[in-house]
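Naming convention: chains lettered A, B, ... in sequence-line order (proteins, then strands); numbering from 1 in each chain.
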Amino acid sequence: MATIKVQKGTKDILPNDMPIWHFMEEKALEVFTKYGAKEIRTPIFEATELFARGVGDTTDIVNKEMYTFEKSERSLTLRPENTAGVVRSFIENGMHRLSAPVKLWYKGPMFRYERPQAGRQRQFHQVGVEVFGIKQATADAEVILMAVNYLKALGLNDLSVELNSLGCPECREVFKTKLKEVLKPYLSQMCPDCQARYEKNPLRLLDCKVPECNEIYAKPEIQAVIQSDFICEDCSNHFEELKAYLNELGVNYSINKLLVRGLDYYNRTVFEIKSNNLGSQNAVCGGGRYDSLVKNLGGEDTPAIGFAMGMERLASLLGAKECKLLDGYVVSNNPLEAIKLTEELRAQGVTCEFDLTNKKFVKQLEKASKVAKYAIILGEDEIAQGKVTIKNLETSEQKTVARNSNYFV
RNA sequence: GCGCCUGUCGUCAAGUGGUCAAGACCUCGGAUUGUGGUUCCGAUAUGCAUGGGUUCGAAUCCCAUCAGGCGCCCCA
């Protein structure tokens, strides 16, 4: 009979993988809590419209990567990212009335219908942070610090921070218009993707990898536009302020004028953190400011900035961590006494098991040596005398002590 | 959606047209009816993703389908 297999682009996170996931989750709680952030958990599906309006209906994510389904005449979608959901909750729960900043962090599965490859799955996990209510560059700096320090807490090095400013909608519009103007004569020579992007989101033209397109974009008059500081004075000041903070704080970063990001809601600060040790999907963190999203989704005008990290990508950088051994394994040929003793030990906070199949003594001891640090031997003699024998399986030392004593001193 | 590569035991694999499809790890049983991790012995794929085809003969060659991986695109 044909067996049912895990779906394309999804993976089991197996018991052996868990230590690394627990590590990532514990560090997230630990680090983000230090910044005053609180965890939030929002539903895995939301109204489709939330993503269409939030993420932007010109984006690939919304156009072709969403898992959308109908139920009771509602269009629902498995969340492809979590900023929209957190913003929805922020608005719905009136969090704009809380004292700013409101700092939230989350972790959980996201869903995008894409062709899987290294570092890209259809169900994947993100851990992220959103900070609401602060328009000053201090928030930008703090959010970047949260990302950097989380990665540091995981022990990850060899990461580089890339930074850019997209300006505000007004100055970006000016830039888009200029860019389209200079590119217009070459439109017919550009690749189909770029021709589509020319209309939909000209900013995303810039990091096309097709050689012909790059030739066009390398032309002096076009480079002049790309390299020009198009952003307005306010935006520019904001960006300069952020860079000054980062410089003083010793955060290494580089400016990447081509860094645009694929979600429509970003403005001003955008950043990515990349690893040199991943395949072509090398971004472990992406984020930026989204000052108009809360308002666009029907909330009070609230500035915000955040980031998300791909946990599978982090996990692959972290490598394997070993599963912990049990503290003890009860070796006995008396199942009833064995289960009683095991429960006693568990009640004392000791992780332990006993042999449910009542195998021969030698087999049980062999098993103990594989899964536990100590064998707790409870044989006929011990039962008769009200004692147990504790054997350290590493050093082979053993001692017989009274039942109910402190076994592991 | 497009390109390239790959499918042999739970896992890693050898085999690349000619007897029974190596080997290793894991698992299980035994040597060993109260002292393990070492060692030794034994068990484990009538089948090589699936379906066709070529051939006296196919895991091996061809076609299709399915699945997986990688890259483009996009993104975490």
Verdict with supporting geometry, A:Tyr329 and A:Ser369, side chain to side chain contact (heavy atoms under 4.5 Å, CB included)
CA-CA 8 Å; A:Tyr329 192 88; A:Ser369 71; over 6 Å; no
Stepwise, does the side chain to side chain contact (heavy atoms under 4.5 Å, CB included) test hold for A:Leu297 with A:Phe90?
CA-CA 10 Å; A:Leu297 288 174; A:Phe90 178 89; over 6 Å; no
Steps toward side-chain hydrogen bond (donor to acceptor under 3.5 Å, both in side chains) verdict (A:Ser275, A:Asn282):
CA-CA 6 Å; A:Ser275 165; A:Asn282 64 352; over 6 Å; no
Taking it one step at a time, do A:Glu382 and A:Thr389 satisfy side-chain hydrogen bond (donor to acceptor under 3.5 Å, both in side chains)?
CA-CA 7 Å; A:Glu382 282 90 350; A:Thr389 298; 2.6 Å; yes
Does the pair A:Tyr35 and A:Asn149 meet the rule for a side-chain hydrogen bond (donor to acceptor under 3.5 Å, both in side chains), with working shown?
CA-CA 11 Å; A:Tyr35 287 84; A:Asn149 283 325; 2.6 Å; yes
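Look at A:Arg403 and A:Glu337 and you find a salt bridge, because one of the NZ, NE, NH1 or NH2 atoms lies within 4.0 Å of a carboxylate O, short of that distance.
Following rounding to the nearest Å, A:Asp60 (CG) and B:C75 (C1') show an atom-to-atom distance of 9 Å. In this structure, A:Asn282 atom CG and B:G71 atom C1' are separated by 14 Å, rounded to whole Å. Atom pair A:Gln126:CD and B:C75:C1' shows a separation of 9 Å (rounding to whole Å applied). One interatomic measurement links the two molecules: CD of A:Glu366 to P of B:U39, which rounds to 12 Å at whole-angstrom precision.
Counting non-hydrogen atoms under 4.0 angstrom, A:Gln281 reaches a base of the nucleic acid. Counting any heavy atom pair closer than 4.0 Å across all strands shown, A:Lys359 reaches sugar-phosphate atoms only and no base atom. Residue A:Glu394 is in base contact, counting any heavy-atom pair closer than 4.0 Å across all strands shown. As judged by a 4.0 angstrom heavy-atom cut-off over every strand, A:Ala368 is placed among residues making no nucleic acid contact. Across all strands, A:Asn333 comes closer than 4.0 Å to no nucleic acid atom at all (heavy-atom distances). Among the heavy atoms of the strands, none lies under 4.0 Å from A:Glu312. When heavy atoms are screened at a 4.0 angstrom cut-off, A:Val284 is found touching the sugar-phosphate backbone but no base atom.
Of the candidate nucleotides B:G30, B:G36, B:C75, B:C75 has the atom nearest to the side chain of A:Ile61. Looking at the side chain of A:Glu380, the nearest of the listed nucleotides B:G34, B:G36, B:G68 is B:G34. Of the candidates B:G36, B:G34, B:U27, the closest approach to any side-chain atom of A:Ile377 belongs to B:G34. Of the candidate nucleotides B:C73, B:A31, B:U35, B:A31 has the atom lying nearest to any side-chain atom of A:Lys360. For A:Leu393, taking side-chain heavy atoms from C-beta onward, the closest of the listed nucleotides B:G36, B:G69, B:U27 is B:G36.
If you take atom P in B:U46 and the same atom in B:C4, they sit 35 Å apart, rounded to whole Å. B:A49 and B:G69 are spaced 15 Å apart, taking the C1' atom of each and rounding to whole Å. Between the P atoms of B:G18 and B:A13, the separation comes to 24 Å (whole Å). Comparing the C1' positions of B:G7 and B:U11 gives a spacing of 15 Å, expressed to the nearest Å. Using atom P as the reference point in both B:A58 and B:C20, the two lie 12 Å apart (nearest Å). Nucleotides B:G30 and B:U44 are separated by 15 Å at their C1' atoms, to the nearest Å. Taking atom C1' in both B:C73 and B:G1, the straight-line distance is 9 Å, to the nearest Å. Between B:U33 and B:A21, the distance separating the two C1' atoms is 41 Å to the nearest Å.
Contact detail for A:Ile91 and A:Val294: the closest heavy-atom pair is CD1-O, 3.5 Å.
In the region residues 107-123 of chain A, proximity to RNA chain B at under 4.0 angstrom, judged on heavy atoms, holds for A:Arg112, A:Glu114, A:Arg115, A:Gln117, A:Ala118, A:Gly119, A:Arg120, A:Gln121.
Between A:Phe32 and A:Trp105, the ring planes are tilted. Angles from 30° to 60° get that label.
A close approach under 4.0 Å does not occur between any side-chain nitrogen or oxygen of A:Lys367 and OP1 or OP2 of B:G36. Here A:Lys363 does not reach the OP1 or OP2 of B:U35: none of its side-chain N or O atoms lies under 4.0 Å away.
Comparing A:Glu81 and A:Glu382 by the nucleotide of RNA chain B whose heavy atom lies nearest to each, the residue mapping closer to the 5' end is A:Glu382.
Using modelled atom types and a 3.5 Å distance limit, the side chains of A:Glu130 and A:Thr83 yield a donor-acceptor pair.
Residue A:Thr389 places no side-chain atom within donor-acceptor reach of the base of B:G34, judged by atom type and a 3.5 Å distance cut-off alone.
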